[in-house]
There are 2 protein chains.
Amino acid sequence: MATKNKKMKMMTLDQMKDKDIGKVGTPERDKYEFELRMEVLGDMIKSVRKERNLTQEQLGELIGVQKSQISKLERNTKNVTIETILKVFRALKANVRFSVEMNESEFKVA
Amino acid sequence: MATKNKKMKMMTLDQMKDKDIGKVGTPERDKYEFELRMEVLGDMIKSVRKERNLTQEQLGELIGVQKSQISKLERNTKNVTIETILKVFRALKANVRFSVEMNESEFKVA
DNA sequence: ACAAAAGTTTCCATATAACTCAACTTTTTT
DNA sequence: AAAAAAGTTGAGTTATATGGAAACTTTTGT
């Protein structure tokens, strides 16, 4: 495990990538969340899928699409719609949350 | 203000709606974030736009689209792509974050 | 080293998101 | 109460996301 603290519930995707999600099998962790930047959404899907021990084909079956479609989503070959994102993560029993944060300072009225 | 605590940095969209974002002008708050559920993304855009004191037309100009397009986005007439979401919030100088949380328990391997 | 499984890529069709323009409605201002 | 500003709606166009099928490549297992 990359982190020292056992109370760790949040991790970035980079952290995830670093330690390779596949290897992490600590059973104490029954629920956690991690953030992601938009560009890495595909990696996000892949990570969660792996965590669920599913192949692209199996995930595809859950959703009702071919494995090639899953591959495309994971590899970010297209700009993706919200509906698709939700569909995928719903199948993976994962909740998606969006958050928006405003940095007041940076905005100047024209 | 709907909340008692001044350290409040997180609020749901429902809370936002309740108190009408337009009225909230407390200057102490230089940066905050709130979550949103997918279905209310349009409201999210509207709220942030209002916070920025922009009209739909002005926001449209920033992005390079007509005000009617902004209206449609705010009114959730369509399923929207990530690119569009990012484009809008980027114009509003707001950072979007997606987070995914897995609920281990709910998943059963078939 | 071979076979099987998993993942990727290309070509293609179809559905729909993104967008404009113009007319219309609602809200705000004076 | 009128005018102006802001927001909404509908019709139509264009770009592109979704998806399938099949061949291909990479990885994993034996």
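Proteins come first, then strands; the chains are lettered A, B, ... in the order of their sequence lines, and each starts at number 1. Scope of the values below: all heavy atoms of this structure, side chains included, with no hydrogens, waters or symmetry mates.
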* To do: Look at A:Thr81 and C:dT16 and indicate whether a side-chain polar atom (N or O) is within less than 4.0 Å of OP1 or OP2.
  => no
* In terms of side-chain heavy atoms of B:Leu73, which of D:dG20, D:dT18, C:dA18 is nearest? -> C:dA18
* To do: State whether B:Arg75 places a side-chain N or O below 4.0 Å from either non-bridging phosphate oxygen (OP1 or OP2) of D:dG7.
  => no
* Name the closest nucleotide to the A:Lys67 side chain, picking from C:dT8, D:dT18, D:dA6. => C:dT8
* Atom pair distance, as rounded to whole Å: CD in A:Glu61 and P in C:dA6 -> 10 Å
* How long is the line joining CG of B:Leu41 and C1' of C:dA17, in whole Å? -> 14 Å
* Counting only N and O atoms by type, is there a donor-acceptor contact under 3.5 Å from the side chain of B:Arg49 to the main-chain atoms of B:Leu54? -> yes
* **Check: A:Thr84 side chain, D:dA17 base, donor-acceptor under 3.5 Å** => no
* Considering just the side-chain nitrogens and oxygens of A:Arg49, establish if one lies under 4.0 Å of OP1 or OP2 belonging to C:dG7. => yes
* To do: Looking at every strand, decide which applies to B:Ser71 at a 4.0 Å heavy-atom threshold: base, sugar-phosphate, or nothing.
  => base
* Base, sugar-phosphate, or nothing: which does A:Gln69 touch, judged by heavy atoms less than 4.0 Å apart? -> base
* Asked: Does B:Ser68 put a side-chain nitrogen or oxygen below 4.0 Å from OP1 or OP2 of D:dG7?
  -> no
* To do: For B:Gln66 and D:dA11, give me the distance from atom CD to atom C1', rounded to whole Å.
  => 15 Å
* What integer distance in Å separates A:Glu74:CD from C:dA6:C1'? -> 11 Å
* Rounding to a whole Å, what distance do you find between A:Leu54:CG and C:dA5:P? -> 17 Å
* Asked: Do B:Lys72 and D:dG10 share a donor-acceptor pair, side chain to base, under 3.5 Å?
  -> yes
* Residue pair A:Arg97 / B:Glu101, side-chain heavy-atom distance below 4.5 Å -> yes
* Per A:Gln56 side chain, nearest of listed nucleotides D:dA17, C:dT8, D:dG20 -> C:dT8
* **Of the listed nucleotides C:dT8, D:dG7, C:dC19, the one nearest the side chain of B:Val65** => C:dC19
* **B:Lys50 NZ to D:dG7 C1', straight-line distance once rounded to whole Å** => 10 Å
* Distance in angstrom units between A:Ile63 CD1 and D:dG19 P, rounded -> 8 Å
* **B:Arg52 side chain vs B:Ala91 backbone, donor-acceptor pair below 3.5 Å** => no
* So what does B:Gly64 hit on the nucleic acid, given a heavy-atom distance under 4.0 Å: a base, only sugar-phosphate, or nothing? -> sugar-phosphate
* Asked: With a 4.5 Å limit on heavy-atom distance, are the side chains of B:Leu73 and B:Val65 in contact?
  -> no
* Asked: Separation of A:Glu57 atom CD from D:dA21 atom P, in whole Å?
  -> 12 Å
* Pairwise side-chain contact, B:Ser47 with B:Met44, heavy-atom cut-off 4.5 Å (strictly under) -> yes
* Asked: How about B:Val88 and B:Val80: do any of their side-chain heavy atoms sit closer than 4.5 Å?
  -> no
